[in-house]
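Written below as structure tokens is the structure these notes are about.
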Amino acid sequence: MSLDKATVAKVANLARIKIEEKDLEPMAAELNNILGWVEQLGEVDTDNVEPMTSVAEMRLRWRADEVTDGGYVEDVVANAPGGEDGYFAVPKVIE
Amino acid sequence: MGMIIQGATGDWEVVIGLEVHAQVTTKSKLFSGASAEYGADPNSQVSFVDAAMPGMLPVINEMAVEQAVRTGLGLNAKINKFSVFDRKNYFYADLPQGYQISQFLQPIVGEGKIIIDLKDGETREIGITRLHLEQDAGKSLHDQHPSQTFVDLNRSGVPLMEIVSEPDMRSPEEAAAYVKKLRSIVRYLGTCDGNMEEGSMRADVNVSVRKPGDAYGTRCEMKNINSVRFMQQAIIYEANRQVDILEAGGTVDQETRLYDPDKGETRSMRSKEEAHDYRYFPDPDLLPLEFDDAFIKRISETLPELPDDKKARFISELGLSAYDAGVLVTEKEVADYFEAVAEGRDAKLAANWVIGELFGNLNRTGKDLSESPVGANALGELIDLIKDGTISNRIAKEVFEEMFDTGKAAGDIVEEKGLKQVSDTGAIEAAIDAVIAANPDKVAEYRDGKDKLFGFFMGQVMKATQGKANPGVVTQILKPKLDQ
Amino acid sequence: MSDLTKLTIAAARDGLAKGDFSSRELTAAHITAMTASKPLNAYITETPEQAVDAATASDARRAKGEAGKLEGIPLAIKDLFCTKGVLTTAASHILDGFTPHYESTVTANLWGAGAVMLGKVNLDEFAMGSSNETSYYGNVVNPWRRDGDDTALVPGGSSGGSASAVASFSAMGATGTDTGGSIRQPASFTGIVGMKPTYGRCSRWGVVAFASSLDQPGPMARTVRDTAIMLESMAGFDAKDSTSVNMPVPNFEDALTGDIKGLRIGIPKEYRIDGLSDEIDALWQKGIDWLKDAGAEIVDISLPHTKYALPAYYIIAPAEASSNLARYDGVRFGLRVEGKDLNDMYASTRAEGFGDEVKRRLLIGTYALSAGYYDAYYLKAQKVRARIAEDFKQAYLSVDAILTPTAPSAAFGFGEKGDDPLEMYLNDVFTVPASLAGLPGISVPAGLSKESLPLGLQLLGKPFDEETVFRVAGVLEEAAGFTAKPTDWWRG
């Protein structure tokens, strides 16, 4: 599997990272270098192996349904680069 | 009773599947301790977790799990003791994490079914594909500022159940019946308040058309419809749109469309769909969700009687008609009210009073049952007064209106207005004698065999007693006197 | 008074307890050292005033007889831990100006034990790197230099600032985080001890996430005992982290019995990788001999899937990161670069806010999760991960701990690893497998390279058996007798 420029552009869009047209080709090369190296995983027999998504051998803990948090709008918006009246703000979205 | 669209090339069948998003009734959010209540000041019910601040982590709300299982049981569905939370990755202004925690491959609830009630007591079974838990997103407000969209994260992280149906519905009426039935069930269960106006229940509607017997056609999805009426309008518009395309030799594109209730049409949202690739993967901040049979059993033991069972019981045990039973079970509050009225009384009479006078007066005044000035006990007392002969049925209706308008008790109204039925034989006999004496011609006609005139005499006696005479007693005395 | 900065945490604890000096004095000495260490660029944010206040409060607590386990000990905090009211950057431009209104559980635990914060230390951007060359706030310099050579060397990464601060005596200890070796490798490069606990031992709440299934906070200090003391205060169950394990925290210091007689130490043959330098190999052998001499039984073991750990890691960690870092979007905190619309704002903010290595990993991770590639990359890597974990499980049936080198080389110079990221990734070849399996590991300074640079040996343990790891590490430390110190050239 090899990434071309168009795929890099598509992936960059999914990741919302702007990449200049001239940088797409070098980035494709860099990513292909890494992905090529990763290909060796194909050598490992993983038939009937369950993927490991967590190393913690325990059950998910549940929280009691109680209101214990929130109610501090100033803290929530304190670091926001935009917004007013307790709202966050982003460039206008036209739906 | 599927919807058929007659096209130039023949009949088209409409195929509908629904994904209903129902807010789970909980105090706090799915993965944070912030309040899940509706309608607070912007960002006032937001924890650092909901705002996706760096380093914040999710911890699941046990009530959300319990409610999902409860709903699954109510939908006769398979409960999965092992399920997985996945991240659905996409960027949007009101999605602070940049992903929604949802369940993709392994949902908490699997296949189930719903019986929908159609006109004329007809029912149909609609398959449930799955139910999963997920986080709601925040809210974008586009009309507060000329160049900016404002974001309120109060809803961010509120627990939702997404309930996915099979594409089993064939008409807007069936889709409506499905939503109403689902709403009824979750409200019975107490797992969702079913309030579509506040967005606690909203539907994504998948519509396709096909020639009967053909494979499914390409479907379009209309997202976030929050009223049953709009949903029906959207289905009709969309089905016709697709038929028009197909009949013109075109093809339907699989896409998300937006229903605009003002224009009554759907339009493409393809721009928003562009390059969506959600990159689902198991959320590494959470472990798989696991519970045992004992947990399920404990919940199933607390399950209330659901509308289908209740309806069956009303028919078989209380002798109600299927129609009356259906009307009474739709809303749990109504069913509870009715049962309180019917408790120890004539159930059919109770049903007549609830469906007739109570509903009539609620409709007349635009009130909900919860706002009814006449409680179940009060209505029961009124029915008791009819039963024990204190007042007649006719007087009772007047009394009920009075109760409804003033909130007074039936007994008090009867007392105050002197509406008590007269059973005193002496007084009634005097009235009868007076009526007989005043109508010698009619008496003669009656005695000549004109039996129908008995009603005339009854009416005259009742009139003379201002309707308060006990009709049974009147009959008892009147009959022998006329027959002499 | 002798130089208080040269004390170990254990010695300082005793000196404070005896009243030989106050926390104010101890802290002041470290503030001076911190200020003097500027050429190392270990600190991103220095908080001397707060440190003095905290030390004063600490002395007051001690006077009232309320001393905690780390009472009055000045520490540096990796700038990946959110600290209330103090700039927290993850060494990234994208977190410009971000001041959390909350405190991470681990740091809160430390303050609860009486520790004093000196400042926030540098790291690779979002902890992605093995040389501390990816920080937006500039490279961190290793206090160590090669013999007779002024070339600036890397401190390792990603906890390079933590390592440099501790090795340069400008902090008594520091918090680190380890995702694939980010505590152990820099510890090895700077001649200090770095301990990565079992995944789930320390809470991740309030720690800027890199790869959630791998990230684990841990202590870095100059002795095994000091890391044991620190870990006891850092660790503990946290209901706010669903992956935090509810287990009692032992007194790790008590585990340092010096007795490892009869313990079985595994030597994995697969770690004898192609091209392993003679000096690393020789040091490893020395370590084996030391432990054998101390009465341990040496057992040859096999961890057959070792070579696949790195490629699996470089899919799993970036995949998780690609999702974890989606929240840096210019909306609620940090940098925002305006754009013509919402998506343009996102893409511009993230293009400017993230450095090259972070971008590279986000793209790899996004690709590995994308439709059509998920099975081939992410799922495959997670399955390989399961096999690697199984290897360890099997090995631990016959051994109590495992001894390996920490890193394949000593510290290197800036830019020496060239342009190929793969060459840099190889730094983590010995540390990544245990990370994937969630196991505890420690790096202990064990010797010097030919160029007089520190080299570490790594001990790995069973899940939640940090005590055995500390016990063996204590013996190893004692046997190695590593006393070399960098010259304090940075003081000018």
Side-chain angles (χ1 to χ4, degrees), chain A residues 1 3-19 24 31 35 38 41 49-95, chain B residues 26-29 31-37 41-51 53 59-66 84-85 89-93 96 98 138 140-142 144-154 258 269 272 275 277 279 281-282 284 286-291:
Chain A
M1 277 175 245
L3 265 90
D4 54 14
K5 247 173 73 171
T7 310
V8 174
K10 188 179 145 237
V11 170
N13 180 45
L14 277 177
R16 295 294 186 276
I17 297 173
K18 189 177 278 182
I19 299 185
L24 288 173
L31 299 185
L35 292 170
V38 167
L41 291 179
V49 175
E50 280 298 308
M52 183 170 178
T53 50
S54 174
V55 299
E57 288 185 11
M58 55 184 234
R59 279 193 175 189
L60 184 62
R61 238 184 352 265
W62 303 355
R63 194 186 90 236
D65 180 29
E66 277 152 21
V67 177
T68 56
D69 211 344
Y72 40 73
V73 56
E74 296 82 9
D75 293 322
V76 165
V77 301
N79 279 286
E84 51 192 89
D85 299 337
Y87 289 103
F88 297 105
V90 298
K92 190 146 190 129
V93 178
I94 295 129
E95 282 198 323
Chain B
T26 56
K27 294 195 203 94
S28 61
K29 293 186 178 178
F31 293 112
S32 92
S35 170
E37 214 166 301
D41 288 342
N43 290 313
S44 65
Q45 292 180 168
V46 176
S47 73
F48 294 126
V49 176
D50 308 317
M53 291 285 168
V59 182
I60 194 156
N61 181 342
E62 65 179 3
M63 182 53 85
V65 176
E66 202 173 309
V84 174
F85 285 104
N89 294 283
Y90 65 97
F91 285 87
Y92 199 63
S140 293
L141 298 103
H142 306 297
Q144 308 276 308
H145 190 279
S147 63
Q148 294 188 316
T149 288
F150 282 4
V151 180
D152 172 13
L153 298 179
N154 278 347
L258 181 76
M269 291 177 76
K272 210 180 163 184
D277 179 344
R279 291 159 285 136
F281 76 109
L286 295 163
L287 299 159
L289 178 61
E290 293 175 85
F291 44 78

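Chain letters run A, B, ... following the sequence lines, proteins first, then strands; residues in each count from 1. Values below: all heavy atoms of this structure, side chains included; hydrogens, waters and symmetry mates excluded.
Atom-to-atom distance recorded for A:Asp69:CG and B:Asp50:CG is 7.5 Å, nearest 0.5 angstrom. With values rounded to the nearest 0.5 angstrom, B:Gln144 atom CD is found 9.0 Å from A:Lys92 atom NZ. Summarising the geometry, atom OG belonging to B:Ser28 is positioned 4.0 Å from atom CZ belonging to A:Arg63; distances are rounded to the nearest 0.5 Å.
Interface remark: B:Val84 contributes no atoms to any contact with chain A (heavy atom separation under 4.5 Å). Proximity to chain B (any heavy atom under 4.5 Å) is shown, for A:Arg59, by both the backbone and the side chain. At a 4.5 Å heavy-atom cutoff, the contact between B:Pro288 and chain A is made by backbone atoms alone. Neither the backbone nor the side chain of B:Tyr90 has a heavy atom closer than 4.5 Å to any heavy atom of chain A. For B:Thr26, the parts lying near chain A are the backbone and the side chain together; criterion is any non-hydrogen pair under 4.5 Å. Interface residue A:Asp75: backbone and side-chain heavy atoms are both found under 4.5 Å from chain B. With a threshold of 4.5 angstrom between heavy atoms, B:Ser140 does not approach chain A through any atom at all.
Of the residues considered (B:Met63, B:Gln148, B:Arg279), B:Gln148 shows the highest number of contacts with chain A, using heavy-atom pairs under 4.5 Å. For the set B:Gly138, B:Ala36, B:Pro146, B:Gly98, the entry with the most heavy-atom pairs within less than 4.5 Å of chain A is B:Pro146. Per-residue heavy-atom pair counts under 4.5 Å with chain B were compared for A:Val77, A:Val76, A:Asp85, and the maximum is reached by A:Val76.
Heavy atoms of other residues, nucleotides or ligands lying less than 6.0 angstrom from CD of B:Glu37 number 12 at most.
Judged purely by atom type and a 3.5 angstrom limit, B:Ser47 has no side-chain atom pairing as donor or acceptor with the backbone of A:Gly70.
Between A:Val73 and B:Asn43, the closest heavy-atom pair is CB-O, 3.5 Å.
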